[in-house]
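In what follows, a structure is listed as structure tokens, so that the remarks can point back to it.
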Number of protein chains: 2
Amino acid sequence: MLHGSTIHESLTAVFQVRHFDGRPGTDERAELAVLLWQRALDPQAGTWSLPGGKLRDDEDLTTSARRQLAEKVDVRNLAHLEQLSVFSDPCRVPGPRRIASTFLGLVPLTTDPQLPPDTRWHSVWSLPEMSFDHSIVVEHARTRLAAKLSYTNIAFALAPPTFAMSTLREIYCAALGYDVDTTNLQRVLSRRKVITPTGTTSSPGPAGGRPAAMYRFTDSQIRVTDEFAALRPRV
Amino acid sequence: MLHGSTIHESLTAVFQVRHFDGRPGTDERAELAVLLWQRALDPQAGTWSLPGGKLRDDEDLTTSARRQLAEKVDVRNLAHLEQLSVFSDPCRVPGPRRIASTFLGLVPLTTDPQLPPDTRWHSVWSLPEMSFDHSIVVEHARTRLAAKLSYTNIAFALAPPTFAMSTLREIYCAALGYDVDTTNLQRVLSRRKVITPTGTTSSPGPAGGRPAAMYRFTDSQIRVTDEFAALRPRV
DNA sequence: TCAAAAGTGTTCCCGCTACACCCATGG
DNA sequence: CCATGGGTGTAGCGGGAACACTTTTGA
């Protein structure tokens with residue numbers, strides 16, 4: 001009765017903020033995208049899946065998730081990877097039991113990894129038909145990301161090494177799904193010491209405009225920056 | 001190489017706010033307690049462990065965790081159970097590989113489950129020597145609980161069905177580890193519609209005093225009550 | 001000199017904190 | 001009538017939202 005032939009797998013929702021380059025004339029807004037590959041074989045051939053795969057005996061789950069992403073979709077520059085929940089329903093997939101540990105992975109704006117032919121970025125706001133319970137994982141990952149944007153420095157993993165505030169604004173808008181005020185974003189993140197000015201400026205675009213001050217994230221490791229919403233300890 | 005003989009187990013940190021009844025004269029403050037059992041056999045005989053055990057083929061992890069608690073320590077009245085992270089280091093315990101999915105479980109103040117002889121409640125502020133990586137789990141669980149107390153109604157799972165504000169204050173103080181103001185606790189939770197007055201009052205103790213108004217939690221299911229600390233969407 | 005982009009300053013509002021004050025009961 | 005425990009009123013503060021205004025560039 002105990003573990004007849006259970007497989008442990010990792011599944012990772014890899015997110016990146018991407019410009020979905022429309023044809024010229026189309027407004028090319030930045031959108032939050034998730035990396036998916038299309039199943040060629042049954043079960044559920046044609047549906048889109050999260051990258052992942054079986055856990056090996058000599059690795060832990062985090063290592064395994066990183067390895068799967070490097071081997072199968074050639075993603076080697078994850079700036080952040082964290083565990084989400086475990087999917088353990090005995091009937092979640094047909095065939096032998098698979099317990100899935102799910103992850104949230106983040107790739108910075110500037111990098112553009114080479115993808116295998118069956119793999120593509122999809123806007124999280126218009127997902128294709130997805131395999132098994134994978135769409136739930138994407139939803140969890142998106143929710144977790146949105147929450148952490150407001151009380152941690154997790155955006156470091158979505159932003160380039162240095163950036164103008166307008167770029168950072170785009171990233172926040174894309175990841176949160178609603179508009180954010182550049183002014184207040186700058187002030188909130190500065191007060192919390194999440195971002196630091198580099199002292200340099202970028203030259204303005206072809207349309208002119210004042211040169212933008214460049215910033216960088218103070219830490220390149222996740223850090224909680226606003227611990228308690230209420231019921232703070234007395235000072 | 002793939003899954004030679006891996007076992008999947010659940011481990012649950014069960015918390016309850018308890019009065020550690022000192023001798024008369026000792027001030028018997030309420031403290032956050034965790035349920036532990038003492039290992040009789042090696043490995044690590046004598047150290048204290050979290051309740052849990054092997055996952056069966058026909059159950060998911062949540063079901064398994066509930067079953068283990070009912071069978072092994074006779075805890076059948078968990079008001080809340082949620083997943084924490086997975087511990088998957090191949091060497092986390094000696095012998096065959098065990099992957100542990102960890103949980104946070106909460107038991108209300110009033111209930112007092114019968115415990116087996118090797119099982120005992122321990123204050124989370126003075127833990128005994130613990131087995132393997134179990135103390136990390138307790139630490140995670142405590143941190144998660146403290147965080148959720150500030151932005152969800154999770155305290156419903158620690159409180160009796162109805163209670164006076166002074167009781168609820170004790171619960172928050174014990175779980176958070178620092179003092180909370182009764183007045184503001186009442187206002188914050190009332191504004192968020194987390195608690196509802198029942199209309200009844202409790203008779204005062206032997207020392208006299210004004211009768212306390214009784215409250216209950218509005219929901220008996222976890223609910224987020226203060227979504228964003230910053231960067232809220234525009235209205 | 002004008003438009004576009006970026007940065008600054010100011011005001012307002014809301015929620016949490018702190019603390020003083022008022023109420024009800026038992027001895 | 002006083003001690004004890006509960007409840008209410010209110011002022012203050014701090015952080016975030018909104019928005020107008022100034023600065024710097026290219027055409």
Side-chain angles (χ1 to χ4, degrees), chain A residues 27 30 147 149-152 155 162-173 176 178-215 224-235, chain B residues 27 30 149-152 162-173 176 178-215 224-235:
Chain A
D27 61 306
L149 280 172
S150 113
Y151 69 93
T152 72
T162 71
F163 49 85
M165 283 311 300
S166 55
T167 306
L168 193 59
R169 184 189 111 98
E170 271 195 318
I171 292 170
Y172 271 82
C173 294
L176 291 172
Y178 56 78
D179 256 33
V180 175
D181 186 286
T182 319
T183 303
N184 297 327
L185 185 64
Q186 204 266 55
R187 266 201 277 264
V188 169
L189 298 184
S190 293
R191 186 182 8 237
R192 295 181 183 172
K193 300 258 170 40
V194 172
I195 56 175
T196 312
T198 63
T200 60
T201 56
S202 72
S203 50
R210 177 171 170 173
M214 299 297 280
Y215 293 84
V224 173
T225 58
D226 186 34
E227 185 90 44
F228 298 97
L231 307 172
R232 291 185 181 78
R234 297 160 190 264
V235 288
Chain B
D27 61 304
L149 280 173
S150 112
Y151 69 93
T152 72
T162 71
F163 48 86
M165 283 312 299
S166 54
T167 307
L168 193 59
R169 183 188 112 97
E170 272 195 318
I171 291 171
Y172 271 82
C173 293
L176 291 172
Y178 56 78
D179 255 33
V180 176
D181 186 285
T182 319
T183 303
N184 296 327
L185 185 65
Q186 203 265 55
R187 266 202 275 263
V188 168
L189 298 184
S190 292
R191 185 182 10 236
R192 295 182 182 171
K193 301 259 171 39
V194 172
I195 56 175
T196 312
T198 64
T200 60
T201 56
S202 72
S203 50
R210 176 171 172 175
M214 299 297 280
Y215 293 83
V224 173
T225 59
D226 186 33
E227 185 91 43
F228 298 97
L231 307 173
R232 291 186 181 76
R234 297 160 189 265
V235 287

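A note on names: the letters A, B, ... follow the listed sequences, proteins ahead of strands, and every chain is numbered from 1.
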B:Glu170 CD to D:dG5 P: how many Å, rounded?
12 Å
Can you list, in residue-number order, the parts of residues 188-197 of chain A that come under 4.0 Å of DNA chain D, counting heavy atoms only?
A:Val188, A:Arg191, A:Arg192
CG of A:Leu176 to CD1 of A:Ile171, rounded to nearest 0.5 Å, is 11.5 Å
Could you tell me which residues satisfy salt bridge (Lys or Arg N to Asp or Glu O under 4.0 Å) with A:Arg192, sequence neighbours excluded, listed by chain and number?
A:Asp226
Could you state the interatomic distance from CZ (B:Arg169) to CG (B:Asp181), rounded to the nearest 0.5 Å?
7.5 Å
Taken in chain and number order and not counting sequence neighbours, the residues that satisfy side-chain hydrogen bond (donor to acceptor under 3.5 Å, both in side chains) with A:Thr200 are A:Thr198
Between CG of B:Asp181 and C1' of D:dG5 the distance, given in whole Å, is 15 Å
Sequence-distant partners of B:Thr201, side chain to side chain contact (heavy atoms under 4.5 Å, CB included), two or more places apart:
B:Pro211
Of the non-hydrogen atoms in B:Leu168 and B:Ile195, which two are nearest, and what is the gap between them?
CD2-CG2, 4.3 Å
Nearest whole angstrom, please: distance from the P of C:dC16 to the OH of B:Tyr151.
16 Å
B:Thr162 (side chain) donor-acceptor with B:Tyr215 (main chain) under 3.5 angstrom:
no
A:Leu149 has an atom CG; how far is it from atom P of D:dG16, in whole Å?
15 Å
Nucleotide N/O to protein N/O under 3.5 Å, stretch nucleotides 6-9 of chain D:
residue: D:dG6; atom: OP1; partner: B:Ser166; partner atom: OG; Å: 3.0
residue: D:dG6; atom: N2; partner: B:Arg210; partner atom: NH1; Å: 2.9
residue: D:dG7; atom: OP1; partner: B:Ala213; partner atom: N; Å: 2.8
residue: D:dG9; atom: O6; partner: B:Arg187; partner atom: NH2; Å: 2.8

Whole angstroms only, please: what is the CG-C1' distance between B:Asp179 and C:dC16?
17 Å
Rounded interatomic separation in angstrom, taking OH from B:Tyr172 and P from C:dT17:
12 Å
Rounded off to whole Å, could you give me the CG-to-C1' distance for the B:Leu185 and C:dT17 pair?
13 Å
Pairing residues for B:Ala164 by the side chain to side chain contact (heavy atoms under 4.5 Å, CB included) criterion, not counting sequence neighbours:
B:Ser166, B:Thr167, B:Ala212, B:Met214
